[in-house]
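The structure appears right after this line, and notes come after that.
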There are 2 protein chains.
Amino acid sequence: MEERKKQVLNAIIKDYIANAEPVGSRAVAKKYDLGVSPATIRNEMSDLEEEGYIEQPHTSAGRIPSAKGYRYFVDHLMQRERLTTAQLKAVRQAMRGRVDEMEDFMRSCCNMISQLTHYTALVAMPEQGRGTLENIQLVPVSDHQLLVVLLTSTGLIRHKLVDLPQEISWDELAGIESRMRRQLCGREIKTITYELLHDLLADYQLQEKISAQALELIEQTLSQEAGHKIFTGGVTNMLSQPEFHDIDKLKSMFSLIEEDDKLEKLLGAAAGGQLTVAIGGEIPVEGIEDCSMVVANYFVNGEKAGSIGVLGPTRLNYGRTVSMMEVIASELSKAISAKDDKNK
Amino acid sequence: MEERKKQVLNAIIKDYIANAEPVGSRAVAKKYDLGVSPATIRNEMSDLEEEGYIEQPHTSAGRIPSAKGYRYFVDHLMQRERLTTAQLKAVRQAMRGRVDEMEDFMRSCCNMISQLTHYTALVAMPEQGRGTLENIQLVPVSDHQLLVVLLTSTGLIRHKLVDLPQEISWDELAGIESRMRRQLCGREIKTITYELLHDLLADYQLQEKISAQALELIEQTLSQEAGHKIFTGGVTNMLSQPEFHDIDKLKSMFSLIEEDDKLEKLLGAAAGGQLTVAIGGEIPVEGIEDCSMVVANYFVNGEKAGSIGVLGPTRLNYGRTVSMMEVIASELSKAISAKDDKNK
DNA sequence: TGTTAGCACTCGATGAGGGAGAGTGCTATT
DNA sequence: AATAGCACTCTCCCTCATCGAGTGCTAACA
């Protein structure tokens, strides 16, 4: 694409992001001095429209960026915005909380993100399949119930109640516990399977006491499937965006946010690299075609642990948001990794 | 109040609840045959307005109920609506879930309530100050960290990480644990105070090891202050209500729902009895004057354990909602109490 | 005395008409 | 290739008239 055309596209998108109103040739010529007249810009705009980067809501209005236009902008034109010191401070502040109680910690991260970006924040807890098992504890609750408590190196604590088919004595339980602890602690969690547990307790008597069903439950607790918890914050922010003054759009967005599996799909967008931008139809969920997302992964000791993201209108301030998410994800990685090390 | 005036008020409120539009004298006369002409009804309406039970949005419109009108309706006129068998089934269905994982259980209750009522549901977890302590477990995490796991008779499981000022050996820990267990298990949780813990571990050596700060943390975990978790569900339902087509109203409602302490205040409305209806300004939180709430308490073995509620427009279907909340609260009480017994 | 019919009046909602203004596309000019 | 000029097309907004629902009042009626 020729340089000037890029500049025009850039100007249109920047202006539209700032003002949420169609941008005319005159405005481009005035505010972003490209050294040419509105007429020239009109010609460029005409070309850009033909190529699908911008569109016209109606004949006598200015142009607005299309999804393709935003995509080009994000890929080639967007400039990252440095965070102000105040913003950086806010990020660090949120990270200072006790990382111990992972849930509270992530929740406050979520709030911080929504406040900083002014969009809706989505935060996924660290996947528990990552890291190693630090400790396992079996607590008898009653004759037929057992509480399994797990600690992982990623700082996660999980518990689950397990129904037992038979009574089990204190001694037996202690035996099982120490055996499990010996065999499982220090192991990578994802390598712990039903078969492993089964073999571990292959001893006939123990097998019978614990039963296949209970073993399965324990494995579930261990495996990552169990707790894919996702927090949301700052949905209120959306109400200030002019594009969501339409109640129907709001509805489709809110109903999405109330469904956990859809949320998971959303954050799944950042499959590959560190940070992904999904624009309009690129979002892997139906019904929010007018939205964009910025999703970043965070890492614990080099391994992907979870994702954080924001959801906003396609008229998202990509430059600012991407910078923020990069910084936040990296700080988050640091904070959790540090905690991880401290535990060892 | 004279019988006919009651009937007129009743008709107006019923109609307004159904249609969300000002009700005229003609409509009352036609749909709810009181055997009198519109003119007579107009006179009654004029009286009702003078007494403050209804108001007129503008001169040439029908009447809408005022907060005072709704209050009179709820106190004197409202008829409970029997739940259909399908609705009852839905309630029981939600209760069938594993009561073990209290959090998941309450969350699904929350969804059920919002789906059934078509309003926004608020559900508070059982207060953990209630009931007795069933079991306590201290799990060493690292040299200087300790995981405290608690089980209560109300089926709640709580854990908290505690920083220790000094290393503590396995044996010492086991000693502390068994001592705590001996002294605390079976006790009512609200009777467990910092002083008690302090005395319990009065032994000089142990004191030093565990430190005041850690004790405080343990007490916090035990006391009810810690986990007043409140779930919300079905906020989307509000978007369908015509009164919330106004974005500003939506905003004030949503921002409220995102603040936990405000939510707590809301559910606190049901201070006394089984079920409370708060209309408009009666709601104990600013900023949602156009809303009403129905809050019910649920009980575990006769003691108040928590609250459930719905939030909707003042034009709430009180009859239907009150019946539903009564049934749900009583089923919930049963379900949790049953679980409680099973644990003993 | 309570009820009703009739009627004038009020006021929001609806829709048509008519600038004003913004922005475009085309054409002729530099 | 870039620009200035110009006619044209929209939307937006204001005004105005009409319509109709609903009231309040008064007078008649049982």
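Naming: A, B, ... by sequence-line order, numbering from 1 per chain.
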Item to check | Residue list, salt bridge (charged side-chain N to carboxylate O under 4.0 Å, His left out) with B:Arg4, at least two apart or on another chain | outcome: B:Glu44

Next on the checklist: Can you list everything that forms a side chain to side chain donor-acceptor pair (under 3.5 Å) with A:Asp33? Sequence neighbours excluded, please.
Outcome noted: none

Next on the checklist: I'd like to check the ring pair (Phe, Tyr, Trp, His ring centres under 6.0 Å) partners of B:Tyr70; sequence neighbours left out, ordered by chain and number.
Outcome noted: B:Tyr318

Please output the side-chain donor-acceptor pairs of residues 23-32 of chain A that fall under 3.5 Å, not counting sequence neighbours, one pair per line with the distance.
unit_1, atom_1, unit_2, atom_2, d
A:Ser25, OG, A:Arg42, NH1, 3.3
A:Lys31, NZ, A:Asp15, OD1, 3.0
A:Tyr32, OH, A:Asp15, OD1, 3.1

Next on the checklist: Using ring centroids (six-membered ring only for Trp), state whether A:Phe254 and B:Phe254 fall under 6.0 Å.
Outcome noted: yes

Item to check | Residues in salt bridge (charged side-chain N to carboxylate O under 4.0 Å, His left out) contact with A:Glu21, at least two apart in sequence or another chain | outcome: none

Checklist entry - Residues in salt bridge (charged side-chain N to carboxylate O under 4.0 Å, His left out) with A:Glu81, at least two apart? => result none

Next on the checklist: Taking salt bridge (charged side-chain N to carboxylate O under 4.0 Å, His left out) as the definition, give me every residue that meets it alongside B:Glu289, ordered by chain and number, with sequence neighbours left out.
Outcome noted: none

Checklist outcome for this item: Sorted by chain and residue number, the ring pair (Phe, Tyr, Trp, His ring centres under 6.0 Å) partners of A:His76 (sequence neighbours excluded) come out as A:Tyr72

Checklist entry - Which pairs with one or both residues in residues 266-296 of chain B pass ring-ring contact (aromatic ring centres under 6.0 Å, His included), sequence neighbours excluded? => result none

Checklist outcome for this item: From CD1 of B:Ile64 across to P of C:dG12 the rounded distance in Å is 14 Å

Checklist entry - Which of residues 35-61 of chain A sit near DNA chain C, with a heavy atom under 4.0 Å from it? => result A:Arg42, A:Met45, A:Gln56, A:Thr59, A:Ser60, A:Ala61

Checklist entry - Which two nucleotides bound the region of DNA chain D that has atoms under 4.0 Å from heavy atoms of chain B, read 5' to 3'? => result D:dA21 to D:dG24

Item to check | DNA chain C contacts made by residues 17-26 of chain A, counting heavy atoms under 4.0 Å | outcome: A:Gly24, A:Ser25

Checklist entry - Over how many whole Å does the gap from A:Lys31 atom NZ to C:dA22 atom C1' extend? => result 14 Å

